[in-house]
Number of protein chains: 2
Amino acid sequence: MTASISIDFAQATAPQVYDWLRAAILSCELPPGARLSETEIGNRIGVSRQPVREAFIRLASEGLAEVRPQRGTYVSGISTSAVLSARLIREAVESDLVRMLAPLADDALLQRLDAEIDQQRTAIDRHDVPTFVTLDDRFHRLLAELAGHEAVWLVLDGLKSQMNRVRHITARTFDISRLIGQHEAIIAGLRAHDPAQAEQAMRLHLRELLNDLPEIERSRPEIFLP
Amino acid sequence: MTASISIDFAQATAPQVYDWLRAAILSCELPPGARLSETEIGNRIGVSRQPVREAFIRLASEGLAEVRPQRGTYVSGISTSAVLSARLIREAVESDLVRMLAPLADDALLQRLDAEIDQQRTAIDRHDVPTFVTLDDRFHRLLAELAGHEAVWLVLDGLKSQMNRVRHITARTFDISRLIGQHEAIIAGLRAHDPAQAEQAMRLHLRELLNDLPEIERSRPEIFLP
DNA sequence: AACCACATACTTGTATGGGAGTAAAGGCTG
DNA sequence: CAGCCTTTACTCCCATACAAGTATGTGGTT
């Protein structure tokens, strides 16, 4: 059974239902293939079918759910090609961003990045995987922000929705401590004011998923689309 | 008054309304700031508020409309930062794609691209701007497809929604014939099997918008967000 | 004339009922 | 026993009714 939700009736309920379901899907609390029913969810949280339905529509429009008319609504399976597309886009964009960032990297900027690394290392030492995932996101977001393109990260963050479900599994399965070394390699490239070095480090970092994805597909084929 | 629509009652109406409104917004037939009323549109096309409302929700979720509760729904203004983000992402991704494509460029592939150029030239000679815009999309999509990443283009196409409204104005205002020369420069880089040359040509091509955008903002400030 | 209060006509948000279609279970027939 | 048909329960889709909030215009007061 998924975690419950308390509706704030002072605000519109449909967005609240949407946020709740989206978080549950991205964390794989609602795994791919799970059935979603308007009436069932509506009854459980004490609202009518309408707001739930509107949440379904938004989830379907971003590919997280699939409504089959007169049949039912289901959590979408993970599309391998969507994950690979999002990864390729991230690599292209973020490698460009760090290239633009290399000439701008001054001491203050490098110190902020080093501070992030410290926090990441603390999370790893505590084996606190969820925190590390959050910090990893924040690290990449910070790079975009420092390059003067925070809005770009917002777009990438939306794209990652398919990717995040995989990463949620990756983080539990694979050794994530080496990711810190890759982060440090990116910073090293920035510190050297070497765009090519920073770009290459970023590309290597974001290609990690390519190594892990086949094994994830083998180990849990049921959560992927055929 | 916008072009009308005939609903096929054999199929779900909400997606039809969505497609219709989306096309009207992207073509600026419904300009930024235009008011959208659930009841008004529903009455006009002979359906209830509900399917129209669901179309609004999807449009709002991709940033093309803005629903202000109890106030009204309006076509979103064009966000300059969203346009710039989409452009930056396109440049990063498509320059990567042509770089991957350069080693793969054989005669058959180059012939397909040359054929596209011929069609583009025909459209320009006829001053057929809408056709050229369609062909331009197809050209870029073809490059992605030939690089083996058609799915990536689908993502980019969704991102471009903000950009397309600007381009619609650009095409009417600026000299688009030079775009063909830029397309040819990309092909020249592929023909030479020179990834760096192809990449540079693509980057120059996609930076055109940076030249035009400030002038568009000056000439039509009312369609941009503050 | 300027300003405030209220009534009215809107807007979107939610609840509910009916319709059409699907799927699975049960009973009938061969 | 196997296969087909009917029934039944369920799904989403659309229409309608009601609720709550906002903007506007009108009337009276100051």
Side-chain angles (χ1 to χ4, degrees), chain A residues 2 4-22 24-25 30-77, chain B residues 2 4-22 24-25 30-77:
Chain A
T2 67
S4 194
I5 179 182
S6 63
I7 296 293
D8 175 9
F9 288 99
Q11 296 185 353
T13 69
Q16 299 179 62
V17 176
Y18 165 78
D19 290 336
W20 174 59
L21 287 175
R22 183 173 192 272
I25 292 174
L30 285 172
R35 186 193 185 91
L36 303 173
S37 164
E38 294 179 359
T39 53
E40 196 261 332
I41 293 178
N43 288 337
R44 174 147 36 122
I45 64 181
V47 300
S48 79
R49 301 187 332 252
Q50 200 58 40
V52 180
R53 171 176 173 76
E54 297 181 357
F56 286 5
I57 290 172
R58 289 184 59 185
L59 291 171
S61 78
E62 56 182 311
L64 292 177
E66 183 185 0
V67 313
R68 286 190 275 185
Q70 278 73 39
R71 259 175 249 205
T73 301
Y74 302 86
V75 176
S76 293
Chain B
T2 66
S4 194
I5 179 181
S6 64
I7 295 292
D8 175 7
F9 288 99
Q11 296 183 352
T13 70
Q16 300 179 63
V17 177
Y18 166 77
D19 290 337
W20 173 59
L21 287 174
R22 184 173 192 274
I25 292 173
L30 285 172
R35 185 193 186 91
L36 303 174
S37 165
E38 294 179 359
T39 52
E40 196 261 332
I41 293 178
N43 289 337
R44 175 145 40 117
I45 64 181
V47 299
S48 80
R49 277 177 47 210
Q50 206 54 44
V52 180
R53 172 177 174 75
E54 297 179 358
F56 285 7
I57 291 173
R58 289 184 58 184
L59 292 171
S61 78
E62 57 182 310
L64 291 177
E66 183 184 359
V67 178
R68 286 190 274 184
Q70 278 73 40
R71 258 174 250 207
T73 302
Y74 301 86
V75 176
S76 292

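Because only heavy atoms are used, hydrogens play no part in the values below, and waters and symmetry mates are left out as well, while side chains stay in. Chain identifiers are assigned alphabetically (A, B, ...) following the order of the sequence lines, protein sequences preceding nucleic acid strands; residue numbering begins at 1 within each chain. Quick caveat, the model's predicted, so the values are computed rather than measured.
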Under 4.0 Å from any atom of DNA chain D, heavy atoms only: list the residues of residues 45-53 of chain B that qualify, in numerical order.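 The answer is V47(B), S48(B), R49(B), Q50(B), P51(B).
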Give a yes or no on whether the backbone of [Y] and the side-chain of [X] come within a donor-acceptor separation of less than 3.5 Å.
X: Q16(B); Y: D8(B); value: yes
X: T13(A); Y: P51(A); value: no
X: S61(A); Y: R58(B); value: no

Protein-nucleotide distance ([X], atom [atom1]; [N], atom [atom2]), rounded to Å:
X: Q11(A); N: dG13(C); atom1: CD; atom2: P; result: 13 Å
X: D8(A); N: dG13(C); atom1: CG; atom2: P; result: 16 Å
X: Q16(B); N: dC13(D); atom1: CD; atom2: P; result: 13 Å
X: E66(A); N: dC12(D); atom1: CD; atom2: P; result: 13 Å

It should be established whether T13(B) places a side-chain nitrogen or oxygen under 4.0 Å from OP1 or OP2 of nucleotide dC13(D).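 Result: no.
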Which atom pairs link the protein and nucleotides 7-11 of chain C when you take only N or O atoms and keep those under 3.5 Å?
residue : atom : partner : partner atom : Å
dT11(C) : OP1  : S37(B)  : OG           : 3.2
dT11(C) : OP2  : T39(B)  : OG1          : 3.3

Could you tell me if the side chain of [Y] sits less than 4.5 Å from the side chain of [X], heavy atoms only?
X: E62(B); Y: R22(B); answer: yes
X: L36(B); Y: Y74(B); answer: no
X: T73(A); Y: R35(A); answer: no
X: L30(B); Y: L21(B); answer: yes

Using a strict cut-off of less than 4.0 Å between a Lys/Arg side-chain nitrogen and an Asp/Glu carboxylate oxygen, indicate whether R44(B) and E40(B) qualify as a salt bridge.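 A salt bridge is present here (some side-chain N lies under 4.0 Å from a carboxylate O).
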